[in-house]
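Following: one structure in C-alpha cells, then a few remarks.
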Number of protein chains: 2
Amino acid sequence: MNESQALAAFSALTDPTRLAILRHLVTKGAEGASAGEIGVAVTATPSRAAFHLSTLKQAGLLTSEKVSRNVIYRVDFARMGALVAYLVEDCCAGDARVKSCCAGLFG
Amino acid sequence: MNESQALAAFSALTDPTRLAILRHLVTKGAEGASAGEIGVAVTATPSRAAFHLSTLKQAGLLTSEKVSRNVIYRVDFARMGALVAYLVEDCCAGDARVKSCCAGLFG
DNA sequence: TTCACGTTTCAACAACTCTTGATATATTGA
DNA sequence: TCAATATATCAAGAGTTGTTGAAACGTGAA
C-alpha cells in the first residue's frame with residue numbers, strides 16, 4: 001500500500017454510513033451482500049447506498065461482482081489488513097508505544 | 001475510542017500534509033517539535049501548519065504545550081494505538097483475515 | 001517601552017463532498 | 001413482448017475543507 005492508496009482508504013472511512021456498510025460486510029465475510037440488502041441494512045436510499053459503495057470500492061476496500069440482477073459486494077480483507085499495517089508501520093514508523101496499545105489483539 | 005472520535009481521527013489522516021506532520025512527530029517521540037519547526041519540516045506556511053496542527057489536535061491525535069514563545073506538539077501515542085485497535089476490533093469485528101495480514105508486526 | 005519573533009485567527013475563494021430526486025441501464029419473469 | 005426489479009448515474013443544492021495573505025495576539029529581549 002502506498003500513500004495515495006492509504007489516503008483514499010482513510011477518506012473512505014470518514015463517513016458513518018460507510019463505516020456501517022463496512023461493519024455489515026465484515027460480518028457477511030466471503031458471502032458478501034447485495035447493494036440492495038446493504039442499503040436496507042444501513043437505512044440508505046438506493047442512490048445513497050450506490051454512492052457510498054462506489055466510494056468504498058474506489059478506495060479498494062470492497063470488491064464487487066455482478067450476479068444476475070444483483071451486485072454482490074465484499075470486504076477486501078487483505079486490503080483492510082494492509083491499511084492497518086500502513087497505519088502502524090508508515091504513519092507511526094512502527095513505534096513501540098503505538099504497538100503496545102494494541103498488541104493484545106494479535107497472537 | 002467511540003465512533004465519532006474514530007471518524008475525526010480518520011478525517012485527520014486524509015491529508016498528505018497532516019500525514020507528513022504525523023510522521024515527523026512520531027520520529028520526535030516525547031521530545032515533540034514546535035509549530036514553526038514542523039512547518040519547515042513539511043514545507044508549509046505558518047498559517048497552513050497551524051490549520052493542520054489544529055485539525056490533528058482536535059482529532060485527539062496530538063497534544064500541545066506552550067513553552068515560552070513556542071508551542072510544542074507531540075503525538076498522542078496511546079490515541080494512535082487506540083485508533084489501530086478501533087480499526088481492527090470495531091470496523092473489522094476483529095476478523096481473523098484482517099489480523100493475519102498484520103500479525104507479523106506485533107510480538 | 002519598543003521591537004522582533006512565534007503562533008494563531010480571520011476573510012475570501014476555489015474545490016470537494018453528501019444528499020436528494022429523477023432518470024437511465026440491465027436483467028428477470030410473466 | 002411487456003412490466004417489474006436491481007443498480008447506477010446525473011444535476012442541483014447545501015455544507016464542508018484547504019489555501020492564501022493579512023492581521024492580531026502573546027512572549028521575550030533590548
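Keep in mind the model is a prediction, meaning the values are calculated, not measured. Here is how names work: the chains are called A, B, and so on, in the same order as the sequence lines, proteins then strands, and each is numbered from 1.
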Quiz item: Should Leu62(A) and Val42(A) be counted in the same cluster of Ile, Leu, Val, Met, Phe, Trp and Tyr side chains packed under 4.5 Å apart?
Solution: yes
Exercise. Measure the distance from CG on Asp15(B) to C1' on dC16(C) and round it to the nearest whole Å.
Key: 13 Å
Practice problem: Identify, with sequence neighbours excluded, every residue that meets side-chain contact (heavy atoms from CB on, under 4.5 Å) alongside Ser34(B). | Solution: Glu37(B), Asn70(B), Ile72(B)
Exercise. Count the heavy atoms belonging to other residues, nucleotides or ligands that lie under 6.0 Å from CD of Gln58(A), then report whether that count exceeds 12.
Key: no
Quiz item: Looking at Ala12(B) and Arg18(B), what are the two nearest heavy atoms and their distance?
Solution: O-NE, 2.8 Å
Quiz prompt | Residues touching DNA chain D, which here means a heavy atom under 4.0 Å, drawn from residues 28-38 of chain A | solution = Ser34(A), Ala35(A), Gly36(A)
Exercise. Using a cut-off of strictly less than 4.0 Å between a heavy atom of the residue and any atom of DNA chain C, enumerate the qualifying residues of residues 41-72 of chain A by number.
Key: Ser47(A), Arg48(A), Phe51(A), His52(A), Lys66(A), Ser68(A), Arg69(A)
Practice problem: Would you mind telling me which of Asp95(A), Val88(A), Leu87(A) makes a side-chain contact (heavy atoms from CB on, under 4.5 Å) with Cys91(A)? | Solution: Leu87(A)
Practice problem: Whole angstrom is fine here: how far is it from CD1 in Ile21(B) over to P in dG18(D)? | Solution: 11 Å
Practice problem: Between dT8(C), dA8(D), dC18(C), spot the one nearest the side chain of Tyr73(A), thanks. | Solution: dA8(D)
Quiz item: Between Lys99(A) and Glu89(A), is there a salt bridge with N-O shorter than 4.0 Å?
Solution: no
Self-check item: Test item: Lys57(B) side-chain N/O and Ser64(B) main-chain N/O as donor-acceptor pair under 3.5 Å
Solution: no
Exercise. Supply the atom-to-atom distance Arg79(A) CZ to Leu61(A) CG, rounded to the nearest 0.5 angstrom.
Key: 7.5 Å
